[in-house]
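A short write-up of the structure that comes next.
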Amino acid sequence: QVQLVESGGGYVQAGGSLRLSCATSGRTFSRYTMGWFRQAPGKEREFVGAISWSGSTIYNVASVKGRFTISRDKAKNTVDLQMNSLKPEDTAVYYCAADSGVGVHGDSYFYDYWGQGTQVTVSA
């Protein structure tokens, strides 16, 4: 069983930065692919990026365009999402998710465990 808890959300002006963190519990965390998703009001959940157990990353380039970076610390069992140059359209609830399967995926279908989400609000 894996439990995920996000933190670090908040309110920031456009152009600012935030760092989200996802704390995990579970003995096999280090072997899971970890993903970040977001959902804005009235919109579908959107893939942001993911990191494999070996550290390989993929991003939703159209949305984040090099502004966001995912990292993981296996010793601390955490996964972070560094968000820079934030825009009002980045406003959403951000979710951390864990995929126990093989490969790195952008489709939420592949993710078995989800956190409760953390709100990020970017003002113009």
Side-chain angles (χ1 to χ4, degrees):
Q1 187 73 12
V2 175
Q3 293 183 323
L4 311 174
V5 179
E6 302 96 335
S7 62
Y11 183 93
V12 64
Q13 291 187 329
S17 298
L18 279 175
R19 189 177 184 89
L20 306 184
S21 186
C22 176
T24 73
S25 62
R27 292 178 295 175
T28 57
F29 158 77
S30 62
R31 303 295 296 179
Y32 288 0
T33 288
M34 300 300 297
W36 284 96
F37 292 79
R38 66 186 183 185
Q39 188 166 19
K43 294 188 177 181
E44 298 283 325
R45 185 170 294 185
E46 177 186 44
F47 172 70
V48 174
I51 185 167
S52 73
W53 66 271
S54 63
S56 299
T57 54
I58 60 171
Y59 296 95
N60 182 340
V61 176
S63 295
V64 304
K65 292 183 180 178
R67 300 182 295 124
F68 292 7
T69 303
I70 296 175
S71 60
R72 70 190 299 167
D73 187 327
K74 292 181 181 180
K76 296 181 179 180
N77 283 350
T78 58
V79 177
D80 289 352
L81 177 66
Q82 177 66 44
M83 305 186 294
N84 299 326
S85 303
L86 283 162
K87 305 175 182 179
E89 50 264 44
D90 294 319
T91 295
V93 177
Y94 283 72
Y95 297 91
C96 172
D99 174 5
S100 61
V102 177
V104 186
H105 306 101
D107 191 329
S108 60
Y109 168 84
F110 291 95
Y111 290 81
D112 310 287
Y113 305 98
W114 292 82
Q116 82 289 349
T118 185
Q119 177 70 46
V120 171
T121 302
V122 184
S123 65

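Keep in mind it's a predicted model, so treat the numbers as computed, not measured.
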Polar side chain donor-acceptor pair, E6 to S21, under 3.5 angstrom: no

Do the side-chain N and O atoms of N84 and S17 include a donor-acceptor pair separated by under 3.5 angstrom? yes

For [X], does the [atom1] atom sit with more than 12 other heavy atoms under 6.0 Å from it, leaving out its own atoms?
{"X": "Q119", "atom1": "CD", "result": "yes"}
{"X": "E44", "atom1": "CD", "result": "no"}
{"X": "K74", "atom1": "NZ", "result": "yes"}
{"X": "E89", "atom1": "CD", "result": "yes"}

From [X] atom [atom1] to [Y] atom [atom2], the distance as rounded to the nearest 0.5 Å:
{"X": "R67", "Y": "S85", "atom1": "CZ", "atom2": "OG", "result": "7.0 Å"}
{"X": "K87", "Y": "S123", "atom1": "NZ", "atom2": "OG", "result": "15.0 Å"}
{"X": "D99", "Y": "I51", "atom1": "CG", "atom2": "CD1", "result": "13.5 Å"}
{"X": "T118", "Y": "L20", "atom1": "OG1", "atom2": "CG", "result": "6.0 Å"}
{"X": "I70", "Y": "S52", "atom1": "CD1", "atom2": "OG", "result": "10.5 Å"}

Could you walk me through whether S63 and E46 pass side-chain contact (heavy atoms from CB on, under 4.5 Å), step by step? CA-CA 9 Å; S63 295; E46 177 186 44; 2.6 Å; yes

Are Q116 and V5 close enough, and set up right, to give a side-chain contact (heavy atoms from CB on, under 4.5 Å), and what steps lead you there? CA-CA 7 Å; Q116 82 289 349; V5 179; 4.3 Å; yes

Using the rule that Ile, Leu, Val, Met, Phe, Trp and Tyr join whenever any side-chain heavy atoms are under 4.5 Å apart, tell me whether [X] and [Y] fall into a single cluster.
{"X": "M34", "Y": "F47", "value": "no"}
{"X": "V79", "Y": "V64", "value": "yes"}
{"X": "W53", "Y": "L81", "value": "no"}
{"X": "F37", "Y": "L18", "value": "no"}
{"X": "V104", "Y": "W36", "value": "no"}

Between [Y] and [X], is there a side-chain heavy-atom distance shorter than 4.5 Å?
{"X": "N60", "Y": "V48", "answer": "no"}
{"X": "T33", "Y": "F110", "answer": "no"}
{"X": "S7", "Y": "R19", "answer": "no"}

If you look at every heavy atom in A98 and V2, which pair is closest and at what distance? CB-CG1, 4.4 Å

If I compare all heavy atoms of A97 with all of Y111, which pair ends up nearest, and what's the gap? CB-CD2, 3.6 Å

Filter on disulfide bond (SG atoms under 2.5 Å apart), then keep only pairs touching residues 94-124, sequence neighbours left out; what's left? C22-C96

Listed by chain and number, what are the ring pair (Phe, Tyr, Trp, His ring centres under 6.0 Å) partners of Y94, not counting sequence neighbours? none

Would you verify whether the NZ or CZ of R45 falls within 45 degrees of the ring axis of Y95 while also being under 6.0 Å from that six-membered ring's centre? yes

With no hydrogens and no angle check, is any side-chain donor or acceptor of [X] less than 3.5 Å from a backbone partner on [Y]?
{"X": "R38", "Y": "V120", "value": "no"}
{"X": "D112", "Y": "S100", "value": "yes"}
{"X": "T91", "Y": "P88", "value": "yes"}

Among all residues two or more places apart in sequence or in another chain, which pass the side-chain hydrogen bond (donor to acceptor under 3.5 Å, both in side chains) test with Q39? none

I'd like to know whether Y59 forms a side-chain contact (heavy atoms from CB on, under 4.5 Å) with T69, so could you lay out the CA-CA distance, the side-chain angles of the two residues, the decisive distance to 0.1 Å, and finally the verdict. CA-CA 9 Å; Y59 296 95; T69 303; 3.8 Å; yes

